[in-house]
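Only one structure is covered here, and it is reproduced in the block below.
Just so it is clear: chains get the letters A, B, ... in the order the sequence lines come, proteins before strands, and each one is counted from 1.
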There are 2 protein chains.
Amino acid sequence: MLDETDREIVEILLRDSRTSLKELAQAVGLSSPSVSERLRRLEERGVIRGFTVEVDAKALGFAIQAIVRIKPLPGKLHVVQKLIEETPQFGECDKVTGDDCFVARLYVRSIEELDGLLDRIADKAETSTAIVKSQPIPRRAPPLQSS
Amino acid sequence: MLDETDREIVEILLRDSRTSLKELAQAVGLSSPSVSERLRRLEERGVIRGFTVEVDAKALGFAIQAIVRIKPLPGKLHVVQKLIEETPQFGECDKVTGDDCFVARLYVRSIEELDGLLDRIADKAETSTAIVKSQPIPRRAPPLQSS
DNA sequence: CCTTCGGCCCTAATAAAATTAGGTGTTTTC
DNA sequence: GAAAACACCTAATTTTATTAGGGCCGAAGG
């Protein structure tokens, strides 16, 4: 899928996407235009979906994170999904197998805020909540090797 | 925490962190050096933790994602954590309240691969697995407003 | 077997972007 | 009320990215 050079480029960009072409070129032993072209193709192929920044929840005052399993009551699936989408405290949300339920991350400043948010879903879904104690792996990309 | 200008800058960068200072400056009605300085301070304050790329699991052949709850058997907590960290198919992993258990994302190419990975943990932890059917919110930052 | 085409790379020149330097007005502090 | 701190500006400089133009295989086809 990716050759060794592409993999190295992506790995460097995962660590710091502002790395200059010059530095990337040095790291992989190519010229800047070559790296630029590889980058363009990685994006074109959809391997690199985009360039972004990582924002720190704690620095913004969201000291607590929770993982919430949300099982909408019969007929409430779309209402619940809409609510999740429109509530900014929800981070990523996955719809998973088993009773059509959602697993979502929640960013809150206090237990009270968490409680308040869960209350607002209480009449639309069954929920179970786990507070995040630590993040052994805060974020990690899928493997870049096909091995 | 963040003024309106900072918020706008961060929002733009979340969408595309390669946006030039010139464009950012135009968007917020400041000069490039001013935006540059604000950026520096956002990083210094830890609001922006880093610049990175988003890599697409599907494009790399990982068609399946699963959310796995992993409850280590007595005395196996550290072994399990190490295994998770060293298995590249694991994406982000949170340690949550309730019986010292982990919630992790898993990227695999097939159900067989998923099964194989779960087998390797089977003697160290109790697991329950939910396959991701869709991602209503693939990724989202915490709210930028204190509201 | 030779030619052609496509892929991938290069250097050098140009264009665009980021940074730095130096200065102005406004607000906070002593 | 002066001084310092702050947040911003423009203009000059430096760094970075992009473009243009060619060379070198290696595979495909005559």
Side-chain angles (χ1 to χ4, degrees), chain A residues 1-62 139 141-147, chain B residues 1-62 139 141-147:
Chain A
M1 201 99 213
L2 305 187
D3 67 15
E4 184 50 47
T5 301
D6 285 334
R7 216 171 299 145
E8 210 171 329
I9 290 172
V10 174
E11 260 161 29
I12 293 171
L13 292 177
L14 279 166
R15 269 179 263 134
D16 178 9
S17 67
R18 279 182 309 184
T19 307
S20 68
L21 292 179
K22 191 179 151 199
E23 274 182 273
L24 285 170
Q26 260 179 290
V28 304
L30 288 178
S31 68
S32 302
S34 294
V35 173
S36 180
E37 174 64 12
R38 273 172 181 269
L39 254 177
R40 198 192 58 68
R41 304 202 50 225
L42 284 167
E43 287 186 73
E44 189 185 55
R45 282 194 277 165
V47 173
I48 293 179
R49 202 189 320 181
F51 286 65
T52 187
V53 288
E54 266 185 81
V55 169
D56 188 289
K58 282 219 181 82
L60 290 170
F62 296 88
R139 167 192 161 268
L144 302 179
Q145 329 221 25
S146 282
S147 82
Chain B
M1 202 94 214
L2 305 188
D3 67 14
E4 185 50 46
T5 302
D6 285 335
R7 217 171 298 145
E8 210 171 329
I9 290 172
V10 173
E11 260 161 29
I12 293 171
L13 292 177
L14 279 166
R15 271 179 298 216
D16 178 9
S17 67
R18 278 181 309 184
T19 307
S20 69
L21 291 179
K22 191 179 154 199
E23 274 182 274
L24 285 170
Q26 260 178 288
V28 303
L30 289 178
S31 68
S32 303
S34 295
V35 173
S36 180
E37 175 63 11
R38 273 171 182 269
L39 255 176
R40 198 192 59 69
R41 302 202 50 224
L42 284 166
E43 287 186 72
E44 189 186 55
R45 282 194 276 164
V47 173
I48 293 180
R49 202 188 319 180
F51 286 66
T52 186
V53 288
E54 267 186 81
V55 169
D56 189 287
K58 280 218 183 82
L60 289 170
F62 295 88
R139 167 190 162 270
L144 301 179
Q145 330 220 26
S146 282
S147 81

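- Summarising the geometry, the separation between CZ on Phe51(B) and P on dA17(C) is reported as 16 Å, rounded to the nearest angstrom.
- The closest side-chain heavy-atom distance from Leu2(A) to Arg45(A) is below 4.5 Å.
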Assess whether side chain to side chain contact (heavy atoms under 4.5 Å, CB included) is satisfied between Val28(A) and Asp6(A), documenting all intermediate values.
-> CA-CA 9 Å; Val28(A) 304; Asp6(A) 285 334; over 6 Å; no
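- Put simply, the side chain of Leu13(B) reaches to within 4.5 Å of the side chain of Leu39(B), judged on heavy atoms.
- Heavy-atom minimum distance, Ser32(B) versus Ala25(B): N-CB, 3.7 Å.
- Among all heavy-atom pairs drawn from Leu21(A) and Ser36(A), the shortest one is CD1-CB, 3.9 Å.
- Nearest heavy atom pair, residue Pro142(B) against residue Phe62(A), reads CB-CD1, 4.3 Å.
- Atom P of nucleotide dT20(C) and atom CG of Leu39(B) are separated by 14 Å, given to the nearest angstrom.
- One can place NZ of Lys22(A) at 15 Å from P of dA12(C), the figure rounded to the nearest angstrom.
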Please tabulate, one pair per line, all N/O donor-acceptor pairs under 3.5 Å involving side-chain atoms of residues 47-61 of chain A, not counting sequence neighbours.
from, atom 1, to, atom 2, distance (Å)
Arg49(A), NE, Asp56(B), OD2, 3.4
Thr52(A), OG1, Leu14(B), O, 2.8
Thr52(A), OG1, Arg139(B), NH2, 2.8
Glu54(A), OE2, Arg139(A), NH1, 3.4
Asp56(A), OD1, Lys58(A), N, 2.8
Asp56(A), OD1, Ala59(A), N, 2.8
Asp56(A), OD2, Arg49(B), NE, 3.4

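- In this entry the distance linking CD of Glu37(B) with C1' of dG22(C) reads 15 Å, nearest Å.
- Per the geometry, CG belonging to Leu24(A) stands 14 Å off P belonging to dC9(C), to the nearest Å.
- Between Glu44(A) and Arg40(A) there is a salt bridge, since a side-chain N of the basic residue sits under 4.0 Å from a carboxylate O of the acidic one.
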Val35(B) vs Thr5(B), side chain to side chain contact (heavy atoms under 4.5 Å, CB included): CA-CA, chis, key distance, verdict = CA-CA 9 Å; Val35(B) 173; Thr5(B) 302; over 6 Å; no
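- In this structure, CZ of Arg18(A) is placed 16 Å from C1' of dA17(D), rounded to the nearest angstrom.
- Atom CG in Leu21(B) sits about 20 Å away from atom P in dT13(D), given to the nearest Å.
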What protein N or O atoms touch nucleotides 4-11 of chain D N or O atoms at under 3.5 angstrom, if any, and at what distances?
from, atom 1, to, atom 2, distance (Å)
dC8(D), OP1, Arg38(B), NH2, 2.7
dC9(D), OP1, Ser31(B), N, 3.3
dC9(D), OP2, Ser31(B), N, 2.6
dC9(D), OP2, Ser31(B), OG, 2.6
dC9(D), OP2, Ser34(B), OG, 2.6

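- Fit an axis to the five pairs at each end of the helix from dC1(C)-dG30(D) to dC30(C)-dG1(D) and the two axes sit 30° apart, to the nearest 10 degrees.
- Whole-Å rounding puts the Glu23(A) CD to dA17(D) P distance at 9 Å.
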